[in-house]
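Comments concern the structure below.
All values derive from a computational prediction rather than experimental measurement. Both ligands and their constituent atoms are indexed starting at 1 by order of listing.
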Amino acid sequence: MKILVINAGSSSLKYQLIDMETEAVLAKGACERIGIPGSKLTHKVSGKEDFVKETPIPEHKVAVELVMEALIDADHGVIKSTDEIDAVGHRVLHGGTVYCDSIVVNEDVKRIIREYFDLGPLHNPANLTGIEACEAAMPGKANVAVFDTAFGMAMPEKAYTYAIPHEYLEKYSIRRYGFHGTSHNFVSHEAIQFGALGDNAKVIVCHLGNGASISASIGGKCVDTSMGLTPLEGLIMGSRSGDIDPAVAQYICNKEGKDINEVLNIFNKQSGILGMSGGISTDFRDVQKAADEGNHLAKVALDAFAYRVAKYIGAYTAAMNGVDAIVFTAGVGENDARMRGQIMEYMGYLGAAIDEDINKASRGKEAVISTADSKVKVMVIPTNEELMIARDTANLTANL
Ligand code: ADP
């Protein structure tokens, strides 16, 4: 069985073709600058040179057609005909309160994705465009929507309800949803398997990348997660503030004569380690380098980042009345041994300890980095959202 995975953005469309027997990626690539001059397709097949086609891509339907052409091309293709693609899985940001699982797309599903344009204004319209482009390019082929919010839908009411007047939940569905759900779902289940943790394991997944979030789950079912109505809540991120007193927004508005949209833009795009370090970078490597060279603000930014993660781990341990495994994933979590070490320095009270040599040697591959006598297993598990989307798509379409 072969599954095509599509992640459609407003001006881009990323794809992977995955063979489900081996879970190997047969080909992957991206169409960039859709609807903008200078658009191109980059198509990658392992062991071959990248194929790049610079051509106008006025809309997503054309992008999907280009992907189909590349996949069946005599030179750089990996299949003979698009008939070999069994189904298509789509990353969709927001399923609102309706979807707590992936689902085969029909007109109702498209209507709901459209209804939640307000909650995912940058992503949901593009995600729907990607689905419609695939329907047009491959009529009759099953499409599956995999929602980034689905994992967080298992949160209990006490975890997802904001302490604001109840009418806003009723009228506008204002509540905590959580994002990076596909990653938290994948990594928590992989951790249970790889760490032989047992079916009801209490797992904390730290997804630390440019966007960062943390989840608590029991047996792979979400108990709490740090992002909220939008991805702004929770951890300090590359350029997002994470948790902040909302009165700060009002204060900046009054002092600087800005409106709330401008200030929210600052909290999303100019804050986090970028803002705290005085504008050095959203990239942890750059901020780390500056800190090593003696830059005080860079050091404070990284210290605050680690401190916030440690506080959430403490909170989530309390929420679950214990923790069996702490798992690191995403760009920083998979690669930055120093940051993992800095966070784990706070975990003495849990009896959790990492082996520094194993920690240093573990980059981008599954590993247990805790000591043999650590009371909590500490792991690195690389995330793979595309594979999770492909697995859900295969499961839902196997008997269609
Ligand atoms: P996103 O998907 O949210 O854009 P990623 O999970 O790809 O983020 O993570 C990207 C970030 O990971 C980069 O901004 C960089 O800061 C960080 N990163 C990648 N490799 C390393 C490394 N070796 N050391 C420290 N940070 C790293």
Which atom pairs, one a donor and one an acceptor, fall under 3.5 Å between side chains of residues 365-373 and the rest of the protein, sequence neighbours left out?
residue	atom	partner	partner atom	Å
Lys365	NZ	Ala361	O	3.3
Ser370	OG	Val378	N	3.0
Thr371	OG1	Asp373	OD1	3.0
Thr371	OG1	Ser374	N	3.3

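Using a 4.0 Å heavy-atom criterion, the residues that approach ligand 1 are Gly209, Asn210, Gly211, Asp283, Phe284, Arg285, Ala330, Gly331, Val332, Asn335, Asp336, Arg363.
Taking the ring pair (Phe, Tyr, Trp, His ring centres under 6.0 Å) definition, one finds that Tyr160 meets it with nothing, sequence neighbours left out. For Arg91, the salt bridge (Lys or Arg N to Asp or Glu O under 4.0 Å) partners at least two apart in sequence or on another chain are Asp148.
The existence of a salt bridge linking Arg111 and Glu115 is confirmed by a sub-4.0 Å separation between a basic side-chain nitrogen and an acidic carboxylate oxygen.
Between the side chain of Lys2 and the backbone N or O of Asp86 there is no donor-acceptor pair closer than 3.5 Å.
No side-chain donor from either of Thr329 and His207 sits under 3.5 Å from a side-chain acceptor of the other.
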